Chemist: 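Quick one: this structure, given as structure tokens, is what I'll be asking you about.
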Amino acid sequence: MAGYHSPQLDVRVRLNTNESPYPPPPGWLEDLGAALAGIDFHRYPDREAGALRGALGALHQVGPESIFCGNGSNEVIECLLLAYGGPGRVAATFEPTYALHSHITRLTSTGLVQGQRSDDYSLDLKEVLGILEQHRPDVTFMCSPNNPTGGEDSPEVTTAVLEGTSGLVAVDEAYGQFASWSALSLIKEYSNLGVIRTFSKTWAMAGLRIGYLVADPDIIAATEKVALPYRLDVLKQQAGLLALKYHSDMEKRAATLKQARDQLYEALRAMDLDVWPSGANFILFRPRFVPAASIWQGLVDRSVLVRDCSSWPRLTGCLRVSVGTSDENAAFLAALEETLN
Ligand SMILES: *Cc1c(COP(=O)(O)O)cnc(C)c1O
């Protein structure tokens, strides 16, 4: 099998991996610097990550027993599949979606059932419920907003999926803060729901590697059983905890990026492109008259990197651009205009 790849190039404008275009707040860095001297590096970290889980729980109005933390949400997904997947069990995805869901399913020897999204990439409830009934998956992945297509699943669709399975429904909300609603609002109602979030996107800390799961305490306890002890180092726990002090800064950034996304969407719609509505910090688009590969290369020649999805199944001819700073978005639009003409 092939590993996971996300090609990087040395360019001026990097709009290919949906990171925050802004670094974390300077105050956070100062706090972290000041906290360093007090860290007991010679001791193992708090195995329970109690302070971080408590603070994340407070953010989402649940107790620490409803929070599981990992080294990025990818590790959260891996632990969920170690706990609920494995040989003889099945996980379902609805394609096209985030490649790591099916990739980690295979890595954990979990059976994989891939349903298909509709032509506009929204979830087709008939297809989804059919798969749930036929294959009775132990884990069903949803992704809202969906990467790489950008659309959100409505509360109605999400509850229909939750009620259509007795298995676990893992809703990946890596882009949740950019969306119009969150499945976190259903956590107390559905004991088979797990919502996955990350510090990598809105929190502007992709380099820190923190992701977490919000779910019923029984799901958290099962996931803790398979996770390696002491996997969250002292520095990460401290850094994550301090970051939560800056929650309102982060919400402001998310609002700025949402506005920039909507402007970018309008600008793209005015060009010879098919463009998909997005609830995230990226936009999927497809050049109508020029091959995607030559557009991608034309952008690289102008020092702008976007994600080339054009060879992915059901995404023929598509490219995905992350929302950057206003200068980066302007540079991207100018370069795109040139390559399209
Ligand atoms: C970027 C992304 C993640 C983030 O993974 P981390 O391991 O937390 O960096 C998770 N899910 C989706 C759908 C993503 O696009």
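Counting convention: from 1, in listed order, for ligands and their atoms alike. Treat the numbers as computed from the prediction; the structure is a model and nothing was measured.
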Chemist: Hey, what do you get for CG (Asn146) to CZ (Arg117), rounding to the nearest 0.5 Å?
Modeler: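 Those atoms lie 3.5 Å apart.
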Chemist: Report the part of Ser200 in contact with ligand 1, treating N, CA, C, O as backbone and CB onward as side chain, heavy atoms under 4.0 Å; options are side chain, backbone, both, neither.
Modeler: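 Contact part for Ser200 vs ligand 1: side chain (C-beta onward).
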Chemist: Checking the side chain of Arg253 only, and the main-chain atoms of Thr202 only, is there a donor and an acceptor separated by less than 3.5 Å?
Modeler: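 It does not hold such a pair.
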Chemist: Determine whether Val306 and Leu336 satisfy the following criterion, side chain to side chain contact (heavy atoms under 4.5 Å, CB included), listing intermediate values before the conclusion.
Modeler: CA-CA 11 Å; Val306 300; Leu336 182 61; over 6 Å; no
Chemist: Under the criterion side chain to side chain contact (heavy atoms under 4.5 Å, CB included), which of Val226, Thr110, Ile104 is the partner of Leu82?
Modeler: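 Checked Val226, Thr110, Ile104 against Leu82; only one passes side chain to side chain contact (heavy atoms under 4.5 Å, CB included): Val226.
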Chemist: Judging by distance only, is a nitrogen or oxygen of His101 under 3.5 angstrom from one on ligand 1?
Modeler: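 So ligand 1 has no N or O lying under 3.5 Å from an N or O of His101.
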Chemist: Answer side chain, backbone, both or neither: which part of Ala206 comes under 4.0 Å from ligand 1, heavy atoms only.
Modeler: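 The answer is neither.
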Chemist: Give the atoms of ligand 1, by number and element, whose distance to some non-hydrogen atom of Asn147 is under 4.0 Å.
Modeler: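 Counting from 1, the qualifying ligand atoms are 13 (C), 14 (C), 15 (O).
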Chemist: May I ask you to check whether over 12 heavy atoms, not counting those of Glu127, lie within 6.0 Å of atom CD?
Modeler: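 Enclosed.
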Chemist: What residue and atom, counting heavy atoms only, is the protein's closest point to atom 7 (O) of ligand 1, and at what distance?
Modeler: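 Looking at atom 7 (O) of ligand 1, the protein heavy atom closest to it is Arg209 NH2, 2.7 Å.
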Chemist: Within the 4.0 Å heavy-atom shell around Cys143, which atoms of ligand 1 are there?
Modeler: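 Those of ligand 1 that fall under 4.0 Å from Cys143 are 13 (C).
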Chemist: Within the distance-only criterion (no hydrogens, no angle test), does the side chain of Ser154 pair as donor or acceptor with the backbone N or O of Val157 below 3.5 angstrom?
Modeler: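 Here the side-chain-to-backbone pair exists.
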Chemist: Can you check which of Asn71, Asp172, Asn146 brings a heavy atom nearest to atom 12 (C) of ligand 1?
Modeler: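 The residue whose heavy atom sits nearest atom 12 (C) of ligand 1 is Asp172.
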Chemist: Examine Thr198 against ligand 1 and note whether any of their N/O atoms are separated by less than 3.5 Å.
Modeler: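 Yes: some nitrogen or oxygen of Thr198 is under 3.5 Å from one in ligand 1.
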Chemist: Just let me know how Tyr175 lines up against ligand 1, side chain, backbone, both or neither, with a heavy-atom cut-off below 4.0 Å.
Modeler: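 The answer is the side chain.
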Chemist: According to the side chain to side chain donor-acceptor pair (under 3.5 Å) rule, which pairs have a member within residues 324-334, sequence neighbours left out?
Modeler: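 Matches after skipping sequence neighbours: Thr325-Glu328.
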Chemist: For the residue pair Arg197 and Tyr212, would you count it as a cation-pi contact if the rule is NZ or CZ under 6.0 angstrom from the ring centre and within 45 degrees of the ring axis?
Modeler: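 No - Arg197 does not lie over the ring of Tyr212 by the 6.0 Å and 45° rule.
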Chemist: How does Glu75 reach ligand 1, if at all, at less than 4.0 Å between non-hydrogen atoms: by side chain, backbone, both, or neither?
Modeler: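 Contact part for Glu75 vs ligand 1: neither.
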Chemist: Show me which atoms of ligand 1 lie under 4.0 Å from any heavy atom of Lys201.
Modeler: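 Contacts of ligand 1 toward Lys201, numbered from 1: 1 (C), 2 (C), 3 (C), 4 (C), 14 (C), 15 (O).
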Chemist: Test of understanding: given a 4.0 Å heavy-atom threshold, classify the contact between Asn74 and ligand 1 as side chain, backbone, both, or neither.
Modeler: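 Answer for Asn74: both.
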Chemist: Considering only non-hydrogen protein atoms, determine which one is nearest to atom 4 (C) of ligand 1 and report residue, atom name and distance to 0.1 Å.
Modeler: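 Looking only at protein heavy atoms, the one closest to atom 4 (C) of ligand 1 is Ser73 OG, 3.3 Å.
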Chemist: Can you list the atoms of ligand 1 that are under 4.0 Å from a heavy atom of Ala174?
Modeler: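 Result: 2 (C), 3 (C), 10 (C), 11 (N), 12 (C), 14 (C).
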Chemist: Please work out whether the ring planes of Phe141 and His101 are parallel, tilted or perpendicular, with thresholds of 30° and 60°.
Modeler: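 Correct class here is parallel.
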